[in-house]
Participant: 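Please read through the structure below; I'll follow up with questions.
Chain letters run A, B, ... following the sequence lines, proteins first, then strands; residues in each count from 1.
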Amino acid sequence: MPELPEVETVVGDLAESGLEGRTILRARVYWPRSVEGMTPAAFRDRLRNRRIERIRRRGKYIVMVVGGGWHLLIHLRMSGRLFFAPRAEPRDEHERVVFELDDGRTLRFHDTRKFGRITLTMRPQEKLRRLGPEPLEREFTARDFAQRLACRKGMLKPLLLNQQIIAGLGNIYVDEALFEARLHPKRRCSTLTAPELHALYRAIRKVLRRGIRASGTTLGAGQANFYSASGRRGRNQDGLKVFRRTGEPCPRCGAPIARLVVGQRGTHVCRECQASHDT
DNA sequence: GCCCTTTCCTGGAAGC
DNA sequence: TGCTTCCAGGAAAGGG
C-alpha cells in the first residue's frame with residue numbers, strides 16, 4: 001500500500017533514473033479505467049511527444065509536469081507500481097498503461113488490483129487543492145495540526161486517514177503514529193488534550209520520516225506489494241511496532257498487540273499503552 | 001458540513 | 001488436494 005514514504009521513494013527513484021527531460025513518444029492504455037477523466041484515445045493524443053519537465057510528490061499523488069501545460073497525476077492506490085523496462089520486454093498482464101520514452105525505455109504502470117488512477121489535466125489544483133497540508137513540510141506546525149483536529153468530533157483513525165485533513169497517511173502509518181503517541185484509534189478527536197495533540201503531531205512526522213529513510217514498507221512477497229521504481233523492497237516493515245503484528249508482544253510493555261476494526265479498516269493497537277478513555 | 005457506508009478489484013488466505 | 005468463499009484497502013460518491 002503506497003503511502004507518503006512509498007510514493008516519496010518512487011518519485012526519488014524516477015527522478016534519479018533520469019525521467020525528467022525525457023519525452024513520452026506514445027502512451028498505450030490496456031485498462032481504460034486506469035485513466036480518469038478522458039478516453040484512452042484522448043489520453044494518447046494529448047500525451048504524444050510531451051516532455052516530462054518535472055516530477056514531484058503531493059500527498060500520495062505522483063505529479064509529473066509534462067509539456068503544453070499538462071500535468072499527469074498518478075495515484076498508485078493499493079497495488080500500483082511504476083518502473084522502467086526496455087521497449088522490447090514483453091508486457092505483463094497487469095501492466096495497465098505503458099509510456100514509451102525517447103531513450104528506448106518504457107515507463108510501465110503495473111496494477112494488479114486495478115484501483116490505481118492516472119489523470120491527465122491542465123488543472124491539477126482541482127484535485128490537489130482538496131488535500132490537507134504536507135505533514136513533513138516546515139510550514140506545517142503543531143499549532144496548524146491542532147487547529148485542524150480540535151474541532152472534529154470523529155474518531156482519530158478515520159480522521160487521520162482523511163486526506164483533506166492531512167495528506168499522505170494511510171493505514172500503516174496511522175496505526176504506527178497512534179501507537180507512538182499512545183492514543184487509541186477510537187478516541188474522539190475533540191477529547192484530545194493539547195499535550196496529546198502535540199504528541200500525535202510529533203509521532204506522525206517521526207513514523208513518516210522513518211518510513212522514508214527505510215525506502216518504504218513492503219509487506220509479504222506478492223507482486224501486489226510495494227516495490228520502488230528500481231524494483232527494491234522497502235525495509236520499514238522490520239521497524240513496524242504494531243501494524244500486522246497481531247498477537248506479538250508490544251515492544252513497549254509486552255502485552256499482545258490486538259487487531260480491531262475501526263471505520264472498516266483493520267487496526268492494530270496495544271490495549272495497555274493506548275488507553276481507550278471514552279470508547 | 002460532517003460523518004458513515006458503499007463501491008471498485010484481485011490475489012492469496014482460510015475454510016470445507 | 002482442490003474447490004469455494006472471504007478479506008484487504010484508498011478515495012470518492014451517496015445517504016443521513
Participant: Is it the case that the side chains of A:Thr121 and A:Arg123 hold a donor-acceptor pair, with the cut-off being a distance below 3.5 Å and no angle test?
Facilitator: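 Per modelled atom types, A:Arg123 and A:Thr121 side chains form no pair under 3.5 Å.
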Participant: Using a strict heavy-atom distance below 4.0 Å, which residues from residues 261-270 of chain A are in contact with DNA chain C?
Facilitator: A:Arg265, A:Gly266
Participant: Taking any atom closer than 4.0 angstrom to a non-hydrogen atom of chain A, what span of DNA chain C does the protein reach, first nucleotide to last?
Facilitator: C:dA8 to C:dA12
Participant: Do A:Tyr61 and A:Gln163 have side-chain N/O donor and acceptor atoms under 3.5 Å apart?
Facilitator: no
Participant: Quick one: list whatever passes side chain to side chain donor-acceptor pair (under 3.5 Å) with A:Arg265, sequence neighbours left out.
Facilitator: none
Participant: For A:Tyr30, what are the other residues in its hydrophobic cluster, where any two members join if their side-chain heavy atoms are less than 4.5 angstrom apart?
Facilitator: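 Taking Ile, Leu, Val, Met, Phe, Trp and Tyr as members, A:Tyr30 shares its hydrophobic cluster with A:Val98.
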Participant: Would you say the side chains of A:Thr267 and A:Lys157 form a donor-acceptor pair under 3.5 Å?
Facilitator: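 Side chains of A:Thr267 and A:Lys157: pair found under 3.5 Å.
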Participant: If I take atom NE2 in residue A:His110 and atom P in nucleotide B:dT10, what distance separates them, rounded to the nearest angstrom?
Facilitator: 13 Å
Participant: Give me the residues of residues 70-77 of chain A where at least one heavy atom lies under 4.0 Å from an atom of DNA chain C, by number, or none.
Facilitator: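 Listed by number, they are A:His75, A:Arg77.
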Participant: How many whole angstroms separate atom CG of A:Leu160 from atom C1' of B:dC3?
Facilitator: 15 Å
Participant: How long is the line joining CG of A:Asn162 and P of B:dC4, in whole Å?
Facilitator: 11 Å
Participant: Under the side chain to side chain donor-acceptor pair (under 3.5 Å) test, which residues partner A:Arg28, sequence neighbours left out?
Facilitator: A:Glu100
Participant: For A:Phe115 and B:dG11, what is the distance between atoms CZ and P respectively, to the nearest whole Å?
Facilitator: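 Result: 12 Å.
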